Every structure is written in structure tokens, then in C-alpha cells.
Amino acid sequence: MRIVFVADVFGPPGREAVESQLPALREELGAALAVVNGENVADGRGITPRLADRLLASGADVVTLGNHTWARDGMGPYLDASDRVIRPANLASSAPGRALAVVEAADGTPVAVCNVLGQLFLDVPVGPFEVLDRLAEEARGRARVVLVDFHAEATSEKMAVARWLDGRVTAVIGTHTHVQTADARIQPGGTATISDAGMTGPHDSVIGVEADLAIQRMRTGIPVRFKPAKGGVRLEGVVLDCDPETGRATAIEPLRIDVS
Ligand SMILES: [Fe+2]
């Protein structure tokens, strides 16, 4: 079976790219399932209930999040009520929502999707290794095909987590840096991985933000209100093939489509 993963959707340009491309792309690729990381769809930081619904309406079966899960109002009650929009597993135990979604793909295969945050350069209450074993086991108990969106900054941590889960899940897909890495591979145990799947949004930018504003903040140290850039929009992510019976990955290919 084939799954399409759409990397970090950034601001209105990213959302428009998903809305205009994803339905046809699913069809063209013959993908039975689409997973979209939507943590920065709201103007480049966070997500709102309305925008999460729009991603689901445009063809996402599951929406994953990250370190900006709580950047906008209203997400707590929304996540509590949703079984398709998930937040990272390693938050405080009192955090609303869930970190694991089990959905049926178009071909009838049950697929589990989970979301975990890295701890290097990110502020997390619980380290990823504290939750990974239990989460992978729970996911595997509910579906043979298991996808982990590992939302983290450092390639070393992403490689370590991918290797730790090798043979236990179908794929570990890195998100958060917005720069697609050239290391998509299947590990010895059959788990596909990529350190970062990239960004769906404006690439004529500094990781999505208008370059002048990002540079101004770095040069002066004075806070600047960021705006999403507009140019060089690409849809990025990965296309994953796997055996629905065993859950083993058979191929992983980066996805990189110029939109405008
Ligand atoms: Fe992030």
C-alpha cells in the first residue's frame, strides 16, 4: 500500500498548496492514505480548529502537530474531541488530546499514526525515549502499519530515534526543520526514514518566513513580527510504500512539487 506524507504546511501559501494539490496527488500516486503535518498552517505558527478542519477536508486522513501545538486559542477542546488531529506524545500528562490516531486507509488497511517531539533544542516536559517504547507497542497492537512523525531539530536525534524504532514501526518521518534532507532510506530492520521531509510552503524565504524579517531579527536581536513569505511555493513530503500484512516498508521517496 502507498501512503503520502505532506511535510510542515506553512501559512496560507502552504495551505493553498495542500488544497490545490493533495486531492489530485492522492489520485495520481494511488495513495490509500494521506498524513499532513499542520503545526504551522496558521500564518506560520500554530494551527486553529478551522484550519485543521480545512486540512482534513482537503484530503488529509490524519493531521500531526509539533512544538507549536498550543500557539493558537481553542486547540485544547478541539484536540480532546478529535481522533484525527494528534499532538505530540511527550507533553505533560494533563495535556488535552491524543498522540495516536488509528484510521482505515482507502484500501481498508488500518494505519496507526503517532507524533513525538525531540528534546534537543526544544523545550519538552518528557524526553522522547521515555514514551517511544510504549507508544510503538500500543500502535503496533492496533495496526500493522505504523507511522511516526518525529518532530525534532537535530539530525542526530532523528537518526537515533529512527534506529531505535527500526523493525518496530513502518516509518519514522522527521519534521520541523523545513529543509528536506537527502537521506530517505530503509533501515536494516525494514523501517523507512528520512531526517526531514521538508516544508509545504514558500521556499523563497528563511524556513517559510519573509527573509528580510528573519534576517532583521537575527542581525539586531530585536523582536520582529514574522510574516509568511509568498514565493517559491513547493509541496514537499515523502511517498511511502509498505506491505500491509507485515507493516514493513518497501520504498520511500522524497516528494518535491513546485506549485508557484
Ligand atoms: Fe516545529
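Here the structure is a predicted model, which means the values were calculated and not measured. Order of appearance sets the numbers: ligands from 1, and atoms from 1 within every ligand.
Pro88 pairs in a side-chain contact (heavy atoms from CB on, under 4.5 Å) with only one of the listed residues (Thr69, Val116, Asn67), which is Thr69.
With respect to Asp133 and Arg168, a salt bridge is recorded, a charged nitrogen being found less than 4.0 Å from a carboxylate O.
For Glu236, the salt bridge (charged side-chain N to carboxylate O under 4.0 Å, His left out) test picks out Arg234, Arg256, with sequence neighbours left out.
Within the structure, the ring pair (Phe, Tyr, Trp, His ring centres under 6.0 Å) test picks out the following pairs touching residues 136-161 (sequence neighbours left out): His151-His176. For residues 19-41, the salt bridge (Lys or Arg N to Asp or Glu O under 4.0 Å) pairs, not counting sequence neighbours, are Arg15-Glu19, Glu19-Arg54, Arg26-Asp61.
The Fe ion (ligand 1) has Glu39 OE2, Asn67 OD1, His151 NE2, His176 ND1 as protein N, O or S atoms under 2.8 Å away.
Side-chain atoms of Asp107 never come within 3.5 Å of backbone atoms of Ala32 as a donor-acceptor pair (strictly under, hydrogens ignored).
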